[in-house]
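Would you mind keeping the following structure in view while I ask a few things?
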Amino acid sequence: MLKGRHVVLGVTGGIAAYKCAELTRELIRRGAEVKVIMTESAREFMTPLTLQTLSGNPVYTELFTLIREQDIAHIALAEFAELMIVAPATANVIGKAAAGIADDLLTTVLMAMKAPVLFCPAMNTQMYGNPALQENLKKLQAWGYHVLPPASGPLACKAEGQGRLPEVTAIVEAAVSVLTLKDLAGEHVLVTAGPTREPFDPVRFITNYSSGKMGYAVALQAQRRGARVTLVSGPTSLPPPDGVEIVNVGSALEMRDAVLSRLAGVTVVIKAAAVADYRPAALREQKIKKKGGSLTLELERNPDIIQEIGRKEGRRIIVGFAMESENLLENARSKMVEKNMDLIVANDLREEGAGFQCDTNVIKILDRKGNIEELPLMDKAEAAGRILDRVRALLKEKKRGRRG
Ligand code: C5P
């Protein structure tokens with residue numbers, strides 16, 4: 001998402017300026033090209049040399065340093081930027097931006113900027129609560145600027161409260177979200193992810209190797225694209241994406257209840273979970289003791305959640321997954337029809353870089369018209385984006401059909 005994107009990072013004079021070294025590194029690590037502007041007071045907290053070394057570009061500090069005429073810094077930087085991040089943003093820079101003051105390089109670049117701007121305020125709790133600052137932030141948001149609210153916790157001034165610069169990962173996530181087209185705004189996407197656990201005594205259960213990565217990637221991308229997202233997740237070790245409503249479940253029966261009770265208003269269901277087809281017929285109250293000889297576990301069928309959704313009223317888009325070790329396309333197609341899905345995402349267990357635990361996938365997307373979109377190896381975030389592109393196209397088609 002940030003690969004090849006041009007980011008201007010404006011650093012102002014707050015104690016959190018030191019975190020900009022890490023922020024610059026992370027932006028570069030994600031493939032962005034970063035140019036840094038530092039105000040005079042930011043340079044009291046950190047030397048430009050650090051950010052110059054990390055960004056691989058000169059750090060811009062002065063309004064009137066013309067090396068060549070075409071380098072009029074504020075115009076060149078404003079034209080270079082696809083996104084500007086101001087982090088930390090002091091009360092002072094926020095006040096100046098809200099008042100239309102441009103008296104140094106950073107505020108002049110802000111004035112000339114066409115690209116989206118993300119302010120990351122960081123300051124003492126009292127300052128953050130000050131009505132002038134709050135009014136200024138509201139004014140900036142009303143003009144279309146983005147604001148990432150500060151985090152709560154211990155502050156440099158020894159007080160506790162809201163005012164800390166958020167973690168670097170949260171700033172980068174907010175930046176990615178600003179850059180993402182909100183083409184799923186107004187949709188409510190319900191995603192299931194991960195394995196289910198089917199217990200047979202208080203300490204044991206049957207499960208599978210699903211990591212949840214594919215479903216979590218779909219949830220994150222849908223959230224970035226402006227959808228309201230509910231993620232019903234089996235047990236995984238993944239952190240839930242910010243801004244997503246997470247519902248944790250254990251067994252297939254719990255997943256079924258969680259999904260069916262949340263369907264009202266849902267416009268898209270994406271079932272990436274690897275739901276166990278069978279569960280132990282009995283759940284023992286006590287731990288099963290080992291004895292000589294073998295032990296037989298009787299299993300019974302779990303309900304098919306996606307099939308139940310497919311039978312329900314309401315024209316929502318239903319996307320299922322098929323993971324197969326043989327006859328991938330035929331099996332996937334018949335599942336799509338049988339379970340009344342609009343799309344099915346097929347992946348072959350035998351393919352290198354595809355499937356459960358890895359960060360990549362090799363998927364084929366089948367639709368009801370008989371099209372098969374075969375995608376190359378890509379990371380799960382990108383694969384999620386491609387699935388959502390297809391969902392978006394179907395939603396558009398559906399809306400057109402309703403009008404026609
Ligand atoms: O038939 P199969 O289990 O391969 O179908 C896979 C698709 O069906 C996935 O989207 C999965 O989440 C869904 N499924 C379900 N309930 C089950 C089994 C599978 O919703 N009990």
Side-chain angles (χ1 to χ4, degrees), residues 1-39 41-43 45-46 48 50-52 54-61 73-74 76-98 102 104-123 128 133 136-137 140-141 143-151 163-182 224 242-243:
M1 181 70 218
L2 287 170
K3 210 169 184 175
R5 307 304 287 267
H6 291 177
V7 178
V8 168
L9 173 62
V11 185
T12 68
I15 181 67
Y18 75 93
K19 290 190 186 166
C20 280
E22 206 45 56
L23 177 58
T24 306
R25 274 180 68 134
E26 185 58 17
L27 290 167
I28 298 283
R29 194 185 70 76
R30 302 241 199 152
E33 192 179 336
V34 182
K35 293 192 178 179
V36 180
I37 303 172
M38 295 179 84
T39 61
S41 42
R43 282 174 274 145
F45 290 96
M46 162 164 295
T50 307
L51 295 182
Q52 179 163 317
L54 292 173
S55 69
N57 278 313
V59 167
Y60 298 79
T61 54
H74 60 285
L77 284 167
E79 276 174 4
F80 162 84
E82 291 174 76
L83 170 72
M84 179 163 177
I85 304 174
V86 185
T90 53
N92 181 48
V93 79
I94 291 166
K96 282 190 200 173
D104 62 4
L105 180 62
L106 199 157
T107 47
T108 311
V109 170
L110 272 175
M111 193 66 100
M113 186 60 64
K114 283 182 287 192
V117 178
L118 173 66
F119 282 97
C120 305
M123 62 199 72
Y128 185 66
L133 185 273
N136 287 336
L137 286 176
L140 291 174
Q141 281 172 303
W143 289 340
Y145 290 97
H146 302 268
V147 175
L148 177 65
R164 283 169 66 86
L165 187 69
E167 295 303 319
V168 165
T169 47
I171 300 175
V172 173
E173 182 49 43
V176 169
S177 174
V178 167
L179 282 171
T180 309
L181 190 69
K182 305 293 177 215
R224 283 180 180 164
D242 280 344

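Just so we're clear, the structure is a prediction, and the values are computed from it rather than from any experiment. Along the sequence shown, residues carry numbers from 1.
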Quiz item: Do the charged groups of Arg29 and Glu26 touch, with an N to O distance under 4.0 Å?
Solution: yes
Quiz item: Could you walk me through whether Val86 and Val93 pass the side-chain contact (heavy atoms from CB on, under 4.5 Å) check?
Solution: CA-CA 9 Å; Val86 185; Val93 79; 4.2 Å; yes
Quiz item: Does the side chain of Leu2 come within less than 4.5 Å of Val176's, by heavy atoms?
Solution: yes
Practice problem: Could you go through the side-chain contact (heavy atoms from CB on, under 4.5 Å) check for Lys96 and Asp104 one step at a time? | Solution: CA-CA 10 Å; Lys96 282 190 200 173; Asp104 62 4; 3.9 Å; yes
Self-check item: Shortest non-hydrogen separation from Ala97 to Trp143 and the atoms involved
Solution: O-CZ3, 3.7 Å
Quiz item: Under the 3.5 angstrom rule, does the side chain of Lys19 hit a backbone N or O of Leu165 as a donor-acceptor pair?
Solution: yes
Quiz prompt | Thr12 (side chain) donor-acceptor with Pro88 (main chain) under 3.5 angstrom | solution = yes
Exercise. To the nearest 0.5 angstrom, please state how far the CG atom of Asn92 sits from the CG atom of Leu133.
Key: 10.5 Å
Quiz item: CD of Gln141: more than 12 outside heavy atoms within 6.0 angstrom?
Solution: yes
Quiz item: Would a 4.5 Å heavy-atom cut-off, applied to side chains only, mark Arg43 and Val59 as touching?
Solution: no
Quiz item: How far does CG of Leu105 sit from CD1 of Ile37, to the nearest 0.5 angstrom?
Solution: 4.5 Å
Quiz item: Measuring from Glu82:CD to Leu179:CG, what's the distance to the nearest 0.5 Å?
Solution: 7.0 Å
Quiz item: How long is the span from the CZ atom in Arg5 to the CG atom in Leu27, to the nearest 0.5 Å?
Solution: 12.5 Å
Practice problem: Flag the pair Ile28 / Leu54 as yes when at least one side-chain heavy-atom distance between them is below 4.5 Å, and no otherwise. | Solution: no
Self-check item: Distance-minimising heavy-atom pair for Thr50 and Ala21
Solution: CG2-CB, 4.4 Å
Quiz item: Is atom CZ of Arg25 surrounded by more than 12 heavy atoms (other residues, nucleotides or ligands) closer than 6.0 Å?
Solution: no
Exercise. Enter the distance from Cys120:SG to Leu23:CG here, rounded to the nearest 0.5 Å.
Key: 7.5 Å
Quiz item: Looking at Ala115 and Ala81, what are the two nearest heavy atoms and their distance?
Solution: CB-O, 3.4 Å
Exercise. Using modelled atom types only, decide if a donor and an acceptor are shared between the side chain of Ser177 and the backbone of Glu173 within a distance under 3.5 Å.
Key: no
Self-check item: Backbone of Val36 reached by a side-chain donor or acceptor of Asn57 within 3.5 Å
Solution: no
Quiz item: Should Ile94 and Met123 count as side-chain neighbours, where that means a heavy-atom distance under 4.5 Å?
Solution: yes
Self-check item: Side-chain heavy atoms of Phe119 within contact of Leu110, under 4.5 Å
Solution: yes
Quiz item: SG/Cys20 to CD1/Ile171 distance, rounded to the nearest 0.5 angstrom?
Solution: 7.0 Å
Self-check item: Smallest separation among heavy atoms of Leu118 and Ala175, with atom names
Solution: CD2-N, 3.8 Å
Quiz item: Does any non-hydrogen side-chain atom of Leu51 lie less than 4.5 Å from one of Met38?
Solution: yes
Quiz prompt | Lys182 side chain vs Arg224 backbone, donor-acceptor pair below 3.5 Å | solution = yes
Quiz item: Do you know which two heavy atoms are closest between Thr90 and Gly14, and how far apart they sit?
Solution: CG2-N, 3.9 Å
Quiz item: Minimum heavy-atom separation for Asn136 to Gly95, with atom names?
Solution: ND2-CA, 3.5 Å
Quiz item: Is there a side-chain contact between Met46 and Val11, using heavy atoms and a 4.5 Å cut-off?
Solution: no
Quiz prompt | Non-hydrogen side-chain atoms of His146 and Leu83 separated by less than 4.5 Å | solution = no
